[in-house]
Protein chains: 2
Amino acid sequence: MINSRLQKKGSCQNLNKETRCMTCSLSSLCLPLSLNLEDIDQLDSIIKRRQPLKKGEHLFRQGNAFESVYAVRSGSLKNYIMTNDGDEQITNFHLPSELVGLDGIDCIAYPVSAKALETTTVCEIPYSRLQALSNQLPDLRRQIFSCMSKELREDKQMMLLLSKKNAEQRVATFLANLSARFKRRGYSPYTFRLPMSRNEIGNYLGLAVETVSRVFTRFQSTQMIAVNGKEVHITDRQQLLEVADLNDYDIEIGNKVLAQ
Amino acid sequence: MINSRLQKKGSCQNLNKETRCMTCSLSSLCLPLSLNLEDIDQLDSIIKRRQPLKKGEHLFRQGNAFESVYAVRSGSLKNYIMTNDGDEQITNFHLPSELVGLDGIDCIAYPVSAKALETTTVCEIPYSRLQALSNQLPDLRRQIFSCMSKELREDKQMMLLLSKKNAEQRVATFLANLSARFKRRGYSPYTFRLPMSRNEIGNYLGLAVETVSRVFTRFQSTQMIAVNGKEVHITDRQQLLEVADLNDYDIEIGNKVLAQ
DNA sequence: AAAACTACTTGAGTTAAGTCAAGTTTTTAA
DNA sequence: TTAAAAACTTGACTTAACTCAAGTAGTTTT
């Protein structure tokens, strides 16, 4: 149901009319630096709206020619890379308002693949036009730098998780992080639907599926969370943060040291 | 001895004269996109040269006001973040010509600390001035985007390593990666000196010191490498790449898909 | 040059998380 | 609506890497 709410919000504008950044309910998130109205109008003019992706469809594949970055409007995506021996490593999940494809900037080809976890709509921002536009708009330029540096900071936190945290800390961190991201988007930080499978959670967190499943079970037995399939309810947020070895400060890691 | 060569190369210009990007032997690496001569001159004018850092000194600490990014001229640095319970996670090592501090862009404070592993000299690039200059120089702007996106790609590879690779694959990947970086700088890819301790290698790779030590021993017993303290000689590069589950393509990951 | 410290190595025993297997639930397709 | 497939859970067993401990080598300091 969270999911349907996301969709509703994201798809408030169809392809024919009102597909405008200025009236988009997500614009304050995907462009947190306030661009002035004229700037937004200009950005708007280069954005292409695309038909929704069905679950399992690729937005782009590792090796495809890099042409655009994307903002998620509704639904969700995963990024993953392939190892030589063919198994995948998920490097990120993307929720509405988040930018996808920044790690391909200045590349000939996308270094990762992006696949829809559910029905997903995106705004396509052709990079050549974004670059040209950012030549004129210093605020827009700063905005892109800001997004990339935020992703760098998140990556470092992910390395910390993969290098130092145990299974319970990893899963708790993951849930706390998702919770914070839903909250920012105006949804309940306590009750939400996981758009990804247990397998994908394990893959992302460097754990076996069975371990993820066991940790979920343990977390339920201590009344910290309640899980029903993909529906998650956080019963004891404080305990979750303690297990994750996080504080409110860390949860907002992406923003904690942001300028302005 | 590798080290002394690096220093010699990096310190070819002292603080009084010839401290110029244009004549710096590293400029083709730290600014791979060819700026034209006037642009280099302008960049040059904003760069501050600093007194060398001694081993163990901080270039900046997590939480310090973000003011500059740095290019390593000689020596080496590590980046690390602190967990709540006080132990460190190394997120990167930096060799000459590499940029330090990009993940702080658009932040009030540095999100990580940077500490010298040995006597180290850096070029300081005040960010406010870099930003102002990049308003005028599209090539410089592209260059910064390029560096950040390269770091993003490297981070994803690091996640893959931490999530999927076993101890031997991690150490082999680490050595192969260092080897490639030395090679790019004009040094032997086969014989080099590790600027970091076994402890730091373990910390970075998500392994206990003892495990790193044991893997080094095993690699020596199969004649793949020869180690004497911090001196490393790669005897069988092909085998090293095989163990690392890498190919020549991956080794150049940072560059493999670069435009132009 | 010796002392004190830190870094590194090696062995022995432990353990957290992985693998394998089997059963259950949910989702998808017919 | 049912059948088939995929996703999830739980238990039993295994193992790669960790921890602890003790010794060796290398660096600083005095």
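A, B, ... follow the sequence lines: proteins, then strands. Residue 1 opens every chain.
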Give [X] one of three labels, base, sugar-phosphate or nothing, depending on what nucleic acid heavy atoms sit under 4.0 Å from its own.
X	result
B/Gly206	sugar-phosphate
A/Ser197	sugar-phosphate
A/Gly202	nothing

Boundaries of the chain A footprint along DNA chain D (any atom under 4.0 Å from a heavy atom):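 The contact span of chain A on DNA chain D goes from D/dC8 to D/dA12.
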Would you kindly check whether a donor in the side chain of A/Arg214 faces an acceptor in the base of C/dT19, or vice versa, at under 3.5 angstrom?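 Present.
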Can you find a side chain N or O atom of B/Lys230 that sits less than 4.0 Å from OP1 or OP2 on C/dC8?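 So the side-chain polar atoms of B/Lys230 do come within 4.0 Å of the phosphate oxygens OP1 or OP2 of C/dC8, strictly under.
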For the pair A/Tyr110 and A/Phe60, name the ring-plane relationship: parallel under 30°, tilted 30 to 60°, perpendicular over 60°.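 Geometry flag for A/Phe60 against A/Tyr110: parallel rings.
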By nearest heavy atom, map A/Gly229 and A/Leu207 onto DNA chain C; which one lands nearer the 5' end?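 The residue mapped nearer the 5' terminus is A/Leu207.
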Could you check B/Arg198 against A/Val212 and say which one's nearest nucleotide on DNA chain C is further toward the 5' end?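 Result: B/Arg198.
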If each of A/Val227 and B/Lys165 is mapped to the nucleotide of DNA chain D with the nearest heavy atom, which maps nearer the 5' terminus, i.e. the 5' end?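 Going by which nucleotide is closer to the 5' end, it is A/Val227.
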When you match B/Lys55 and B/Glu210 each to their closest nucleotide on DNA chain D, which lands nearer the 5' end?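 First, find each residue's nearest nucleotide; the 5'-ward one identifies B/Glu210.
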Determine whether the side chains of A/Asn177 and A/Arg181 contain a donor N or O and an acceptor N or O closer than 3.5 Å.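 Yes, A/Arg181 and A/Asn177 have a side-chain donor paired with an acceptor closer than 3.5 Å.
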Side-chain H-bond candidate by donor/acceptor type, A/Ser97 with A/Arg185, under 3.5 Å: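 Result is yes, a qualifying pair exists.
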For A/Arg61, look at atom CZ and say whether over 12 heavy atoms of other residues, nucleotides or ligands are found less than 6.0 Å away.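 Counting other residues, nucleotides and ligands, CZ of A/Arg61 stays at 12 neighbours or fewer.
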C/dC8 C1' sits how many Å from B/Asn228 CG, rounded?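 Answer to the nearest Å: 12 Å.
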How long is the line joining CD of A/Glu168 and P of C/dA16, in whole Å?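 Between P of C/dA16 and CD of A/Glu168: 10 Å.
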May I ask you to check whether A/Phe192 and A/Tyr187 place their ring centres under 6.0 Å from each other?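 Ring centroids of A/Tyr187 and A/Phe192 are no less than 6.0 Å from each other.
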